[in-house]
Amino acid sequence: MHKTLVVGASTNPGRYSNTAIRRLVDNNIETTAFGIRGGTVSGVEIKNKLYDFQNIDTVTLYLSPKNQEAYYQQIVDLHPRRVIFNPGTENPEFYKILEDAGIQVVEACTLVLLATGQY
């Protein structure tokens, strides 16, 4: 399985990003995480610099469109194969930037994709 980066990661168990990290790990998917605050979820360290990551296949977003803006170029520079926009993160402006860079845009829920075997 390819490496996934959870962007907008949180140590709060009530946040969807936290659940996503736990489910990715449970599905034996190599998982890394980026968030404003550090910490650890299911053995995955949450780092606060996007440039710390390499060889990312999938980025799954848990940031509002407004909060994504600061990270557009850094995410493009990771050269992921795809970026998953989870519910509430939809951002047509960022879709265009990613598609122009040859990165696949997916509007979906990571948790549903995992639960249905479509991840």
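Hydrogens, waters and symmetry mates are skipped; everything else that's a heavy atom, side chains included, is used.
- With Val41 as reference, Asn18 is the one residue of Asn18, Leu24, Thr19 to meet the side chain to side chain contact (heavy atoms under 4.5 Å, CB included) rule.
- The two residues Lys3 and Gln54 make their nearest non-hydrogen contact at NZ-O, 3.0 Å.
- No hydrogens or angles considered: nothing links the side chains of Arg23 and Asn27 as a donor-acceptor pair under 3.5 Å.
- Rounding to the nearest 0.5 Å gives a distance of 5.5 Å between CD of Glu93 and CD of Glu69.
- Salt bridge present: Lys96 and Asp100 bring a charged side-chain N and a carboxylate O closer than 4.0 Å.
- When all heavy atoms of Arg82 and Tyr119 are compared, the closest pair comes out as NH2-O, 2.8 Å.
- Between Leu63 and Asn67, the shortest heavy-atom contact is CD1-O, 4.0 Å.
- Using a 4.5 Å cut-off between side-chain heavy atoms of Ile, Leu, Val, Met, Phe, Trp and Tyr, with links allowed through other members, Tyr72 and Phe53 fall into the same hydrophobic cluster.
- For the atom pair Asp26 CG and Ile21 CD1, the distance stands at 12.0 Å (nearest 0.5 Å).
- Note that CD1 of Ile84 and OG1 of Thr60 are 4.5 Å apart. Values are rounded to the nearest 0.5 Å.
- To the nearest 0.5 Å, atom CD1 of residue Ile56 and atom CG of residue Leu78 are 6.5 Å apart.
- No donor-acceptor distance shorter than 3.5 angstrom exists from the side chain of Ser17 to the backbone of Arg15, with no hydrogens or angles considered.
- When hydrophobic clusters are built by joining Ile, Leu, Val, Met, Phe, Trp and Tyr residues whose side-chain heavy atoms come closer than 4.5 Å, directly or via intermediates, Val59 is not grouped with Leu111.
- With rounding to the nearest 0.5 Å, the separation of CD1 in Ile103 from NE2 in His79 is 7.5 Å.
- Residue Glu107 holds its CD atom at 10.0 Å from CG of Asn91, rounded to the nearest 0.5 Å.
- Between Ile75 and Pro80, the shortest heavy-atom contact is O-CD, 3.4 Å.
- Looking only at atom types and distance, the side chain of Thr89 has no donor-acceptor partner in the side chain of Asn86 under 3.5 Å away.
- Between the side chains of Ser10 and Tyr62, no donor-acceptor pair of N or O atoms lies under 3.5 Å.
- Contact check for Val7 versus Leu61: side-chain heavy atoms found under the 4.5 Å cut-off.
- Contact between Phe34 and Ile46 at its shortest, heavy atoms only, is C-CG2, 3.9 Å.
- No continuous path of ILVMFWY side-chain contacts below 4.5 Å connects Val106 to Val76, so the two sit in separate hydrophobic clusters.
- A 6.0 Å sphere centred on CZ of Phe94 holds more than 12 heavy atoms belonging to other residues, nucleotides or ligands.
- Pairing each heavy atom of Thr31 with each of Val44, the nearest pair is O-CG1, 3.7 Å.
- Between the side chain of Thr32 and the main chain of Thr4, a donor-acceptor pair closer than 3.5 Å is present.
- Residues Arg37 and Asn48 fail the side-chain proximity criterion, which asks for heavy atoms closer than 4.5 Å.
- When hydrophobic clusters are built by joining Ile, Leu, Val, Met, Phe, Trp and Tyr residues whose side-chain heavy atoms come closer than 4.5 Å, directly or via intermediates, Leu113 is not grouped with Leu5.
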